[in-house]
Structures are given as structure tokens and as C-alpha cells.
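So the structure is just underneath, and the comments pick up after that.
Predicted, not measured: the structure shown is a model, and the values here were computed from it.
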Amino acid sequence: MTIASQPQLSLEEFLKLPETEPASDFLNGEIIQKPMPQGEHSLLQVKFCTFINQVVETKKIAYAFPELRCTFGGASIVPDVAVFRWDRIPKTASGRIVNRFNIHPDWAIEILSPDQKQTKVLSKLLHCSRNGSELGWLLNPEDESVLAVFPGQRVELYEGADKLPVIEGIELELTAEQVFGWLSFG
């Protein structure tokens with residue numbers, strides 16, 4: 001859903017607005033409110049954060065954050081999952097995590113909801129790619145596919161037994177089939 005916005009709303013003006021529930025993204029001068037997560041979306045989001053963090057947190061390789069606002073490159077987006085390499089996680093002088101992440105994620109994961117337009121969500125991942133992200137995933141639970149966005153805005157489709165790409169240094173092996181298998185409680 002698009003919220004009517006001022007024609008020349010700046011990023012700074014957007015950041016002064018109250019947060020919405022669910023969150024809103026600011027991209028290309030437009031405010032786009034994310035849909036309220038439903039069952040498949042919520043389950044995939046939790047599974048990804050848990051699965052990734054079980055592999056990377058104890059070794060201090062990276063960390064996967066759900067629904068974290070990232071402001072960079074003239075935009076402010078809230079990926080469903082934002083993965084940051086450990087040494088890039090913004091911290092205070094005492095080592096405590098900061099509240100505002102004014103950098104791009106290393107890996108952004110978006111899960112398409114039934115009411116979302118694929119091109120709008122893909123534009124977020126392309127913005128990430130243009131601004132330094134190593135990888136983006138767009139999961140489409142309806143057709144059980146994953147679009148991966150690589151540096152240089154190269155996009156590839158993964159389905160079934162295709163092994164999904166991950167960022168270098170993270171030892172995860174997943175196929176599209178395994179990811180969408182998480183949705184079954186049978």
C-alpha cells in the first residue's frame with residue numbers, strides 16, 4: 001500500500017515522522033507501508049533469523065536482525081531480515097549496539113506477502129545492491145522461488161533443489177525446497 005506523501009518529501013523529513021505499524025519504507029522519494037505479516041511470512045522470517053544466527057553468532061561472523069530500519073543511499077528501508085557482518089554492526093564506544101543503523105545490510109532478505117507488488121520489493125533489493133550489499137533474496141512463497149540479487153544488480157532465479165547463494169564466510173547450505181519446506185507442519 002502506498003501512503004500519500006508530499007511531492008518533495010526528503011529523507012530527513014521522513015525520518016522525523018512517527019513510525020508506522022507495520023513499518024514503512026522510504027525509497028525513491030516514496031513512502032511505502034509494508035503489509036501486516038501473515039503466517040507464512042512470519043514463520044519464514046523467524047526461521048531465517050534463527051537458522052542464520054545459530055551458525056554465525058557464536059563465531060562472531062555476522063548477525064541476522066528481523067525488521068531493522070536501515071538508512072543509507074538516500075533511502076530508509078526495513079528488510080524482513082537484515083544480515084550484517086559482525087565487524088560492520090554499528091556499536092557505541094563501549095561496544096554496545098546502536099539503535100540507528102545508517103548503513104546498508106550485507107545481505108537483505110525480503111519475503112513477498114500476498115498483497116505486495118514484486119517490483120516494489122525487488123526495487124528495495126536493487127537499492128541495496130547499488131549501495132554495497134553483497135546479496136539480496138526475494139522469497140515468493142506462492143511459487144516457491146527465490147530471486148537472488150548480486151552485486152552489479154545481477155538477478156538469478158532459484159527453485160526446487162537449487163542451492164541458494166549466501167554471503168562469503170557464512171557456511172549455510174540451503175535449497176529453495178528446504179526453505180519452503182519450513183512452511184509445512186505435517
### Task
Indicate yes or no for a side-chain donor-acceptor contact from Asn53 to the backbone of Tyr63 under 3.5 Å, with no hydrogens or angles considered.
no
### Query
Judged by atom type as modelled, is there a donor-acceptor pair below 3.5 Å linking the side chain of Ser42 to the main-chain atoms of Gln38?
yes
### Message
Between Gln178 and Thr175 (side chain of the first, backbone of the second, donor and acceptor by atom type, cut-off under 3.5 Å), is there such a pair?
### Response
yes
### Message
Looking at Asn131, is its backbone amide N or carbonyl O close enough to the side chain of His104 to form a donor-acceptor pair, meaning the two atoms are under 3.5 Å apart?
### Response
yes
### Query
Taking the side chain from Asp25 and the backbone from Leu27, do they hold a donor-acceptor pair closer than 3.5 Å?
no
### Query
Just wondering, are more than 12 heavy atoms of other shown residues or ligands nearer than 6.0 Å to CD in Glu177?
no
### Query
For Asp115, does its backbone N or O pair with a side-chain atom of Ser113 as donor and acceptor, under 3.5 Å?
no
### Task
Please check if the distance between the ring centroids of Phe48 and Trp182 is under 6.0 Å.
yes
### Query
Between the side chains of Thr20 and Ser24, does any donor sit under 3.5 Å from an acceptor?
yes
### Query
Does any N or O in the side chain of Glu13 come within less than 3.5 Å of the main-chain N or O of Ser10, such that one atom is a donor and the other an acceptor?
yes
### Query
With the threshold set at 4.0 Å, does a side-chain nitrogen-carboxylate oxygen contact exist between Lys34 and Asp80?
yes
### Pair Lys59 + Glu171: basic N to acidic O under 4.0 Å
no
### Message
Against Trp137, only a single residue in Val166, Leu147, Val83, Ile111 fulfils side-chain contact (heavy atoms from CB on, under 4.5 Å); can you say which?
### Response
Val166
### Query
Taking atom types as modelled, is there a side-chain donor on Gln45 or Glu67 under 3.5 Å from an acceptor on the other?
yes
### Summary
Connected to Val78, directly or through other members, by ILVMFWY side-chain contacts below 4.5 Å are none
### Message
Between Lys91 (side chain only) and Ile89 (backbone N and O only), is there a donor and an acceptor less than 3.5 Å apart?
### Response
yes
### Message
Quick check against the 3.5 Å criterion: does Asn140 have a side-chain atom that pairs as donor or acceptor with the backbone of Glu142?
### Response
yes
### Message
Would Phe101 and Phe72 count as a ring-ring contact (aromatic ring centres under 6.0 Å, His included) here? Give the steps.
### Response
CA-CA 9 Å; Phe101 277 52; Phe72 61 96; over 10 Å; no
### Query
For the side chain of Ser76 and the backbone of Thr71, is there at least one donor-acceptor N/O pair under 3.5 Å apart?
no
### Task
State plainly whether one hydrophobic cluster holds both Leu112 and Phe180, where clusters connect Ile, Leu, Val, Met, Phe, Trp and Tyr through side-chain heavy atoms under 4.5 angstrom apart.
no
